[in-house]
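Structure record follows, encoded as structure tokens.
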Amino acid sequence: MAVHHFSIFTNASEIVAGEPFQLVIEARDEAGARVSDYEGNLHLISDRGLISPVLATNVFQGRWEGEVTVTGSGRIRIRAWNQAGSGEEYFQVIERGEPVSFPQDIQCPGCGQQNIAGKSEIFRCLRCNEIYFVDKYGKVIPLKHGYIQGLKHVKHLEFRIPSDVNYLNHVRNFIVGITSEENLDAETISQIEMALDESLANVVEHAYSYDPYQEIHVEAWLYPDRLEIALRDYGKSFDSAKTPLPDLKRHLAERKVGGLGRYLIAQFMDEVDYRSGDNINELRMVKRFSGAAS
């Protein structure tokens, strides 16, 4: 059965802003029957205020049930959606308690570190990279988790840029910045940065001979345990089988300038694969993560 929409409901007698309540989401077919073989993840969004979590993971047998927290008060619409379908429902939310005086001692919901909130706003924990909101009642609502072992959600980035050397730093900084959000260690981030820099420079120099009117297709997949990058160009191909990696000792002894790009990429990335055909060249690189920085 195909998913037509998602139904959303709760058995909670009341919903209080800043306090978790049980939310149930079920996949339904066009006739309204539950699609019991559906599995996946769901995005959550509210029309006012904030909602946590923003990703309902591991829908099993067409059903997801978990704790959700919202901010604000009044009639709030919660929407669940993914590529399979969407659904929405209105809930009445009340506020309860007395506003607190800031600054307030608060605890990071990710790592438990004690912090100080100077006012009601969004904070990022410097220790674990957790992002959370502190409301006017001093309640802490998680918004974005730091590194989560085993989370299967994939972040997919895709864009095209001119083969202009002036754009390369921006592309590198963007992908490195996204990767840095995963709380990786500085050495891993530096290796990704250098490999990407060398790869983009090779396309501009060797595939396009510095022609700024050509195009580079950049695609990246950010998994919990690895980063995969694909660079595609439509320029001159390179026969890697006929051009082995340079001998580093000999290269240094002969004091050659340049020519180490491929060697550095191979050293910094865990997997490197170059293919050419149908007027398209593609370089795929994989960098695996050993874990989050502590």
Side-chain angles (χ1 to χ4, degrees), residues 1-96 109-110 122 129-133 135 137 139-158 178 181-182 219-228 292:
M1 294 183 293
V3 175
H4 179 263
H5 66 279
F6 294 98
S7 64
I8 308 172
F9 58 94
T10 182
N11 295 322
S13 58
E14 63 179 8
I15 299 175
V16 181
E19 297 182 6
F21 66 96
Q22 288 294 121
L23 191 72
V24 180
I25 305 174
E26 292 184 345
R28 303 282 180 177
D29 64 15
E30 192 168 4
R34 182 169 147 195
V35 183
S36 58
D37 61 347
Y38 176 78
E39 297 182 0
N41 297 327
L42 284 167
H43 301 280
L44 300 180
I45 191 171
S46 59
D47 64 340
R48 292 188 294 114
L50 303 171
I51 186 170
S52 175
V54 295
L55 184 70
T57 60
N58 301 325
V59 178
F60 180 67
Q61 294 183 344
R63 178 184 173 92
W64 180 87
E65 181 173 358
E67 288 191 338
V68 172
T69 307
V70 294
T71 64
S73 63
R75 196 165 181 256
I76 293 178
R77 181 180 63 182
I78 295 178
R79 182 171 181 257
W81 65 276
N82 63 14
Q83 296 87 343
S86 66
E88 59 183 44
E89 189 58 70
Y90 285 90
F91 298 90
Q92 193 67 29
V93 181
I94 63 173
E95 290 185 323
R96 177 179 294 159
I122 296 175
N129 211 31
E130 184 98 358
I131 298 177
Y132 54 91
F133 174 70
D135 70 8
Y137 302 104
K139 298 172 183 175
V140 179
I141 298 98
L143 296 178
K144 175 190 175 295
H145 294 295
Y147 187 85
I148 306 175
Q149 185 69 36
L151 181 62
K152 297 181 180 180
H153 181 59
V154 180
K155 299 174 183 176
H156 180 212
L157 311 170
E158 185 175 9
I178 294 296
E181 292 294 322
E182 302 306 302
E219 196 166 7
W221 298 264
L222 186 55
Y223 297 85
D225 63 342
R226 69 191 186 278
L227 171 68
E228 298 183 11

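Numbers for residues simply follow the sequence, beginning at 1.
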Note to self: Please report the interatomic distance CZ(Phe91) to OG1(Thr10), rounded to the nearest 0.5 Å.
What the structure shows: 6.5 Å
Side chains of residues 67-77: which donor-acceptor partners sit under 3.5 Å, not counting sequence neighbours?
from	atom 1	to	atom 2	distance (Å)
Thr71	OG1	Leu50	N	2.7

Note to self: Return the OG to CD1 distance between Ser86 and Ile45, rounded to the nearest 0.5 Å.
What the structure shows: 12.0 Å
Notebook entry, point to check: Got a sec, which residues hit ring-ring contact (aromatic ring centres under 6.0 Å, His included) with Tyr38, two or more places apart in sequence or on another chain?
Noted result: Phe6
Next item on the list: Report the distance from atom CG of Leu222 to atom CD of Glu228, rounding to the nearest 0.5 Å.
Entry: 10.0 Å
Check: If you draw a 6.0 Å radius around CD in Glu158, do more than 12 non-hydrogen atoms from other residues or ligands fall strictly inside?
Finding: yes
Next item on the list: State which residues pass side chain to side chain contact (heavy atoms under 4.5 Å, CB included) with Glu39; sequence neighbours excluded, sorted by chain then number.
Entry: Phe60
Checklist line | Arg79: salt bridge (Lys or Arg N to Asp or Glu O under 4.0 Å) partners, not counting sequence neighbours | finding: none
Checklist line | Set of side chain to side chain contact (heavy atoms under 4.5 Å, CB included) partners for Glu30, sequence neighbours left out | finding: His4
Notebook entry, point to check: Considering only heavy atoms from C-beta outward, does the side chain of Leu143 approach that of Ile122 to under 4.5 Å?
Noted result: yes
Note to self: Measuring from atom OG1 of Thr57 to atom CH2 of Trp64, what distance do you get when rounded to the nearest 0.5 angstrom?
What the structure shows: 8.0 Å
Residues 13-25 side chain polar contacts: donor-acceptor under 3.5 Å, at least two apart:
from	atom 1	to	atom 2	distance (Å)
Glu14	OE1	Arg96	NH2	3.1
Glu14	OE2	Arg96	NH1	3.1
Glu14	OE2	Arg96	NH2	2.6
Glu19	OE2	Lys139	NZ	3.3
Gln22	NE2	Glu65	OE2	3.4

